[in-house]
Amino acid sequence: MSAAETYFEIKNLQAETEGIPILKGVDLTIRQGETHALMGPNGSGKSTLANVIMGHPAYDVTEGEIWFRGENLLELDPEERARLGVFLAFQYPVAIPGVSVAKFLKSAYDATHGDEKVKSAAFLKELRENIKYLEVDDSFINRYLNDGFSGGEKKRMEILQMLTLKPKFAVMDETDSGLDIDALKVVSKGVNKLTGPDFGLLVITHYERILRYIQPDHLHILIDGKIVHSGGPELVKRLEESGYDWVREEFGQEVLVS
Amino acid sequence: MSKESTAILDDYKYGFYTDIEADSVPKGLSEEVIRIISAKKNEPEWMLEWRLQAYRWWLKQQPPRWAHLEYPPIDFQDICYYSAPKAGADSPEAQAELMATFERLGVPLHERDRMAGVAVDAVFDSVSVATTHREMLAEKGIIFCSISEAIIEHPELVKKYLGTVVPYTDNYYASLNSAVFTDGSFCYIPKGVRCPVDLSTYFRINALDTGQFERTLIVAEDEAYVSYLEGCTAPSRDRNQLHAAVVELIALDRAEIKYATVQNWYAGDKEGKGGIYNFVTKRGHCRGTHSKISWTQVEAGSAITWKYPSVIMEGDHSVGEFYSVAVTTNKMQADTGTKMIHVGNNTKSTIVSKGISAGQSINSYRGMVQVLPDAKNCRNYSNCDSMLIGGECSANTFPYIESENSSAIIEHEATTSRVSEDQIFYLKSRGLSEEDAISMVVNGFAREVFKQLPLEFSVEAVRLLEMKLEGSIG
Ligand SMILES: Nc1ncnc2c1ncn2[C@@H]1O[C@H](COP(=O)(O)OP(=O)(O)O)[C@@H](O)[C@H]1O
Ligand SMILES: [Mg+2]
């Protein structure tokens, strides 16, 4: 990667589903080593943005670009994006009955780390360590993927996958929603294990409380498919201290107008 | 569907034909033909008599039409009922050709490279060409040979058991089979013996316009145990071929029989041309107390499958099980399921059926649980799930419950699901290709059944499913 290349960049992204525009020109740049937060009310298009970054077939991109380390993601299939090191922690992970967590993760690891051949025993050892780190029960690895998992278990499962697959850039879509404070701490611990100079992270949330545990360098506010406000640590601090209400007051009108 | 994946779908790798000189009886069915077949096999008079009785009964019947299947009437005079490769001692060349055919099908018959842990009987069109591991089995008193051989070598056993589970009056195709059956396997496990290897028969239809009417009989005496595997293939042809088998299983006190099938007969091309009509009667009889019979089937081939492996639980505390995965693609049709008949007290049955439909195929589960008035404390658990791939296929579930004893506990669960875009996307987002994603979802769906198969068989079944479904989404 040349120095001039940006790590992750979205330019004027517009996307729709079934003819209804949802994203209406999103611009976002994340440099290597940075963590960004994206906030916004329900229905503003946060999950759509996450899904479009990963390549969900339900959305049509009508305009714009998404670049990751010199590759135009929009030209790639979801699995190719994953193999480049892009990861999405889903807001609503789906169940795959009959497929054990261990089998799934080994297949996913082999698919995303094609060149290195890791032995099953070594892989399981690391998986067990991660499971311990996330304070999940050991029986987890023999359960069927997300099948009958509680909301909290599904979220931990997403983080477990992220720790195991070691992506280079991750989007976390409301991983914090529905978690109690203890679970939130555990999840944050997992995320902080990955963040560092070789990683980029986009944390989608609509609660300010997660900002205390995962400290973003930048924060963006998405309303009606557009980023209406961005800022650095001072904005993070303001949200953390005075909550989210002023955002609604300040930008709420616009939501109604459009 | 992309060009490439269509090519893969058409690539039925067992579709080759072996050019070998055959000894065939002219097409058509008559008492004369039955007499010729019986004479070719040097059968005793009682066997011929039984065949003729079956034939006379068959003549008076009409073909069944109740299954959820569509096919033109079968012309029984246009089928050849006996075709045997000219091989054996008089023709070593032909024998070598046959060995090579089975080798190519992944079934080595030479003693030097035969499969460890599995004894194989190989049936080519109408005759058994080789049976392996015989001496070792004989030491334990186990008989594993072709049914033709058993009729001559062990007539008292065959006479005692043949037709006692599936009488020739049972149904149209069973009586046709009784009249013209040519080969198949005979297994006899004496009292107290656990068969140390899996017994296996591999059926191959080769000759054109030849029906395969195999007959298999497995008897497990008191406390005996056997695990039996059946595999089948046929060349790709654009004409339909008939396969009408009868399998009878008999388990005496505390005996256990496990019967597994991986059926991959040629299914026709993607327009639905050609393929095997697979009309089979399979039934087990738990004759003794605490006996157990379990059917596991992976039905992946045939243009039309029509089969209901069943268990009659007559002995008190006996157990019947049915585990099935039926995959249909293109224009295939399957109407399959089971009958669990509770006759004895405290009998227990389990049904797990997983239907997977893709393309424009039709996949129906038809199952009956019957509890007779005097059968106390019987239990049945049924779970019938269907999975649809794409929007043009269909799945049906026809469960029939006839419980005549109020102490019975019968549970039935059924679900229909679609392989969802979200599931595939989820797996792709973790780096899996579309093909791997589908195969993971489908194998997860069928897991409960695959788990019942012996290991090598379950690996083969998984691969078979992947091959069948390649290119069937999107
Ligand atoms: N697959 C879809 N089909 C139809 N409408 C959708 C789909 N995905 C999102 N939408 C609509 O787009 C808007 C934004 O949704 P979403 O991205 O899920 O918002 P958020 O994650 O910010 O709550 C909502 O109005 C939602 O109903
Ligand atoms: Mg959302």
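Chain letters run A, B, ... following the sequence lines, proteins first and then strands; every chain starts at 1.
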Find the one option among [options] whose heavy-atom pairs under 4.5 Å with chain A are most numerous.
{"options": "B/S417, B/S429, B/A446", "result": "B/S429"}
{"options": "B/S433, B/S420, B/A437, B/G444", "result": "B/G444"}
{"options": "B/R430, B/E448, B/M440, B/Q423", "result": "B/R430"}

Interface moiety of B/R447 toward chain A, non-hydrogen atoms closer than 4.5 Å: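 Just its side chain gets close to chain A.
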Structural part of B/E421 lying under 4.5 Å from a heavy atom of chain A: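 Just the side chain, heavy atoms under 4.5 Å.
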Test side chain to side chain donor-acceptor pair (under 3.5 Å) applied to B/Y308 and B/D335, B/T336, B/T338, the passing residue: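 So, applying the side chain to side chain donor-acceptor pair (under 3.5 Å) to B/Y308 and each of B/D335, B/T336, B/T338, only B/D335 qualifies.
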Of B/E411, B/E413, B/H412, the residue whose pairing with B/Y381 passes side chain to side chain donor-acceptor pair (under 3.5 Å):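 It is B/E413, the one option of B/E411, B/E413, B/H412 that forms the side chain to side chain donor-acceptor pair (under 3.5 Å) with B/Y381.
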Pairwise side-chain contact, B/F398 with B/S364, heavy-atom cut-off 4.5 Å (strictly under):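 In short, these two side chains touch, coming nearer than 4.5 Å.
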Atom [atom1] in [X], atom [atom2] in [Y]: separation rounded to 0.5 Å?
{"X": "A/L38", "Y": "A/L28", "atom1": "CG", "atom2": "CG", "value": "7.5 Å"}
{"X": "B/E230", "Y": "B/T261", "atom1": "CD", "atom2": "OG1", "value": "4.0 Å"}
{"X": "A/D60", "Y": "A/I20", "atom1": "CG", "atom2": "CD1", "value": "11.5 Å"}
{"X": "A/I210", "Y": "A/M39", "atom1": "CD1", "atom2": "CE", "value": "10.0 Å"}
{"X": "B/S361", "Y": "B/Q333", "atom1": "OG", "atom2": "CD", "value": "9.5 Å"}

What residues of [range] sit under 4.5 Å from chain B when only non-hydrogen atoms are counted?
{"range": "residues 125-148 of chain A", "value": "A/Y144, A/L145, A/N146"}
{"range": "residues 93-114 of chain A", "value": "A/P93, A/V94, A/A95, A/I96, A/P97, A/G98, A/V99, A/K103, A/F104, A/S107, A/A108, A/A111, A/T112"}
{"range": "residues 72-83 of chain A", "value": "A/P78, A/E79, A/A82, A/R83"}

Donor-acceptor under 3.5 Å ([X] side chain, [Y] main chain):
{"X": "B/T296", "Y": "B/A260", "result": "no"}
{"X": "A/Y7", "Y": "A/D198", "result": "yes"}
{"X": "A/T17", "Y": "A/A58", "result": "yes"}

Pair B/F322-B/W295, ring-ring contact (aromatic ring centres under 6.0 Å, His included): steps then yes or no: CA-CA 5 Å; B/F322 173 74; B/W295 298 102; 8.3 Å; no
Under-4.0 Å salt bridge between B/E299 and B/K307: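 So B/E299 pairs with B/K307 through a salt bridge.
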Where at least one partner belongs to residues 70-91 of chain A, residue pairs that pass ring pair (Phe, Tyr, Trp, His ring centres under 6.0 Å), sequence neighbours excluded: A/F90-B/F425, A/F90-B/Y426
For B/T397 against B/C384, the heavy-atom pair lying closest together: CG2-CB, 4.2 Å
